[in-house]
Amino acid sequence: MKKVDLNNMKLINELTNIQNELLPKVILENSFDVNEIKTIAGVDLAYWDVNNTTYGTCCIVMIDYSTKEVVEKVYSYGEINVPYISGFLAFRELPLVLEAAKKLSNEPDLYMFDGNGYLHYRHMGIATHASMYLKKPTIGVAKSYLKIQGVDSIMPKNIKGSYTNIVINNEIYGRTLRTTENVKPIFISCGNWIDIETSTEIVLNCINNMSRLPIPVRLADIETHKIRKQLIENDLGG
DNA sequence: GCGACAG
DNA sequence: ATCTTGTCGC
């Protein structure tokens with residue numbers, strides 16, 4: 001018989017309830033004019049361990065949507081006490097994300113996350129969950145597929161921009177999107193206050209020849225590694 | 001014991 | 001996520 005951790009079960013139930021209660025606040029329609037988007041911020045985290053304690057740093061890189069130039073970079077760091085559990089990533093990463101976001105001198109028009117949004121067991125991936133606090137439109141960008149209810153992802157054609165919808169229960173949860181030819185696709189989904197067509201368009205407009213990931217997320221990813229190295233060298237976060 | 005599993 | 005160099009393929 002399988003062991004059951006009652007404390008953990010209780011926690012999971014509480015977190016699941018929180019996610020279910022937030023769902024009614026999700027709106028998959030644009031709350032803005034696409035032509036008015038000036039800046040987009042990419043969000044990512046990196047982790048490391050010191051004496052059995054896990055530390056993390058969250059970096060947010062904001063770019064100018066038209067020129068793709070970096071406008072501002074901020075970061076936060078600290079102890080991580082919530083374990084990674086598939087389906088509950090937001091509870092682990094949001095504290096540092098919100099702390100970093102507060103440091104931005106100007107709010108971006110939209111946030112892109114390294115992880116899912118609506119493409120989630122309860123439509124509450126980190127991109128969607130974060131929007132509740134950031135109060136801005138968000139998009140989820142995942143590098144690997146989170147299988148839901150046994151539904152597999154269908155490989156899109158090997159042409160930049162082609163995609164297949166991830167349909168579950170007659171509803172589009174997200175898209176498997178080919179952003180670069182001959183490179184495996186990414187999995188995008190609405191975060192909040194945006195539709196899937198617009199999400200796809202914006203992600204594709206942020207692809208350059210350097211990565212299959214949209215520029216904001218890629219730059220945030222690179223930044224987390226840089227900041228982590230700095231923090232470790234300076235004996236901070238330990 | 002085995003397979004699943006966003007980051 | 002993280003540990004890590006070279007190497008197979010186009």
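Computed from heavy atoms alone, side chains included, the values below leave out hydrogens, waters and symmetry copies.
At a threshold of 4.0 angstrom between heavy atoms, the contacts of A/Phe113 with the nucleic acid are absent. Backbone-only contact: A/Asp114 has heavy atoms under 4.0 Å from sugar-phosphate atoms and none from a base. Using a 4.0 Å heavy-atom criterion, one finds that A/Gly87 contacts the bases of the nucleic acid, with or without backbone contacts as well. A/His225 comes within 4.0 angstrom of sugar-phosphate atoms only, judged by non-hydrogen atoms across all strands, and of no base. At the heavy-atom level, A/Ile126 lies under 4.0 Å from base atoms of the strands shown.
One atom, NE2 of A/His120, and another, P of B/dA4, lie 20 Å apart when rounded to the nearest Å. Following rounding to the nearest Å, A/Ile188 (CD1) and B/dG7 (P) show an atom-to-atom distance of 14 Å. Taking atom OH of A/Tyr47 as the reference point, atom P of C/dA1 lies 10 Å away to the nearest angstrom. B/dA6 atom P lies 19 Å from atom CG of A/Leu177, rounded to whole Å. If you measure from atom CE of A/Met112 to atom C1' of B/dA6, you get 17 Å, rounded to the nearest angstrom. Atoms CD (A/Gln149) and C1' (B/dC5) sit 16 Å apart, rounded to a whole Å. At whole-Å resolution of the value, CG in A/Leu94 and C1' in B/dG7 are 12 Å apart. In this entry the distance linking CG of A/Leu89 with P of C/dA1 reads 11 Å, nearest Å.
No donor-acceptor distance shorter than 3.5 angstrom exists from the side chain of A/Thr198 to the backbone of A/Ile194, with no hydrogens or angles considered. Remark: side-chain polar atoms of A/Asp221 are not paired, donor with acceptor, to backbone N or O of A/Val217 under 3.5 angstrom.
The side chain of A/Ser86 places no N or O atom within less than 4.0 Å of a non-bridging phosphate oxygen (OP1 or OP2) of B/dA4. A close approach under 4.0 Å does not occur between any side-chain nitrogen or oxygen of A/Tyr84 and OP1 or OP2 of B/dC5. Residue A/Arg92 places no side-chain N or O under 4.0 Å from the OP1 or OP2 atom of B/dA6. Between A/Lys143 and C/dA1 there is a side-chain N or O to OP1 or OP2 distance below 4.0 Å.
For A/Asp44, taking side-chain heavy atoms from C-beta onward, the closest of the listed nucleotides C/dT2, B/dC5, B/dG7 is B/dG7.
For the 3.5 Å distance criterion, the side chains of A/Ser66 and A/Asp64 qualify, holding a donor opposite an acceptor.
Taking the ring centroids of A/Tyr173 and A/His123, they lie under the 6.0 Å cut-off.
In this structure, A/His129 and A/Tyr133 have parallel ring planes: the angle between them is below the 30° cut-off, well short of the 60° mark.
Here the separation of C/dT2 from B/dC5, taken at their C1' atoms, is 15 Å to the nearest Å. As rounded to the nearest Å, B/dC2 and C/dT5 have C1' atoms that lie 32 Å from one another.
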